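A short worksheet on the structure shown next.
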Amino acid sequence: MQRKEDLNMQKHEFLYEEKHHVLTVDGKDYAVPQRTAERERLLREHDEKLGELTEYESNMDLLTILFGAAAAHAMFPEGDKTNLDKLAKCTKYALALYM
């Protein structure tokens with residue numbers, strides 16, 4: 001015989017499926033990282049110093065936080081001669097995939 005408490009219990013199942021996104025820049029694939037507390041802290045720190053950064057520095061910093069310095073440089077090796085429109089679109093797309 002079941003107890004009254006057992007009859008009122010509801011089972012809730014939590015299913016989580018990781019999604020792995022890949023950003024392709026000029027034919028090369030870069031794995032978009034999973035969200036972590038460390039990465040979120042780095043993004044907050046980045047946002048706090050936005051007034052001190054140029055558009056180029058800000059976007060390259062974001063790509064570095066997401067993909068690492070080597071990958072960010074590989075995506076945009078032209079340095080300060082980088083097309084800012086392309087860099088901004090790439091960064092916004094990368095952040096959207098990350099979120």
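Just so we're clear, the structure is a prediction, and the values are computed from it rather than from any experiment. Quick note: residue numbers are just sequence positions, from 1.
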Does a side-chain heavy-atom distance below 4.5 Å link E52 with E57? no
Distance (rounded to the nearest 0.5 Å) between L66 CG and L97 CG: 9.5 Å
Report the residues that fulfil side-chain contact (heavy atoms from CB on, under 4.5 Å) with K89, sequence neighbours left out, ordered by chain and then residue number. none
To the nearest 0.5 angstrom, please state how far the CG atom of N59 sits from the OG1 atom of T82. 10.0 Å
Report yes if the side chains of L95 and K92 come closer than 4.5 Å at any heavy-atom pair, otherwise no. no
Do the non-hydrogen side-chain atoms of L63 and Y30 ever get within less than 4.5 Å of each other? no
Taking all atoms of both residues into account, what is the closest heavy-atom pair of F67 and A94, and its distance? CE1-CB, 3.8 Å
Under the side-chain contact (heavy atoms from CB on, under 4.5 Å) rule, collect the residues that match up with H46, sequence neighbours excluded. L50, L53, S58, D61, L62, I65
Exercise: identify the closest heavy-atom pair between E40 and Y98: OE2-OH, 2.7 Å
Can you tell me how far the CE atom of M60 sits from the OG1 atom of T54, to the nearest 0.5 Å? 10.5 Å
What residues form a side-chain contact (heavy atoms from CB on, under 4.5 Å) with D29, not counting sequence neighbours? V22, T24
So how far is it from T91 OG1 to K86 NZ, rounded to the nearest 0.5 Å? 11.5 Å
Of all residues at least two apart in sequence or in a different chain, which pass the side-chain contact (heavy atoms from CB on, under 4.5 Å) check with A69? T64
Salt bridge (charged side-chain N to carboxylate O under 4.0 Å, His left out) contacts in which one or both residues fall within residues 71-85, not counting sequence neighbours: none
Between E45 and R41, is the closest basic N to carboxylate O distance under 4.0 Å? yes
Would you indicate whether the side-chain heavy atoms of N83 and F76 approach each other to under 4.5 Å? no
What distance separates L23 CG from H21 NE2, expressed to the nearest 0.5 Å? 11.0 Å
Tell me every residue that passes salt bridge (charged side-chain N to carboxylate O under 4.0 Å, His left out) with R39, counting only those two or more places apart in sequence or in another chain. none
Do M75 and D26 have side chains that get closer than 4.5 Å, going by heavy atoms? no
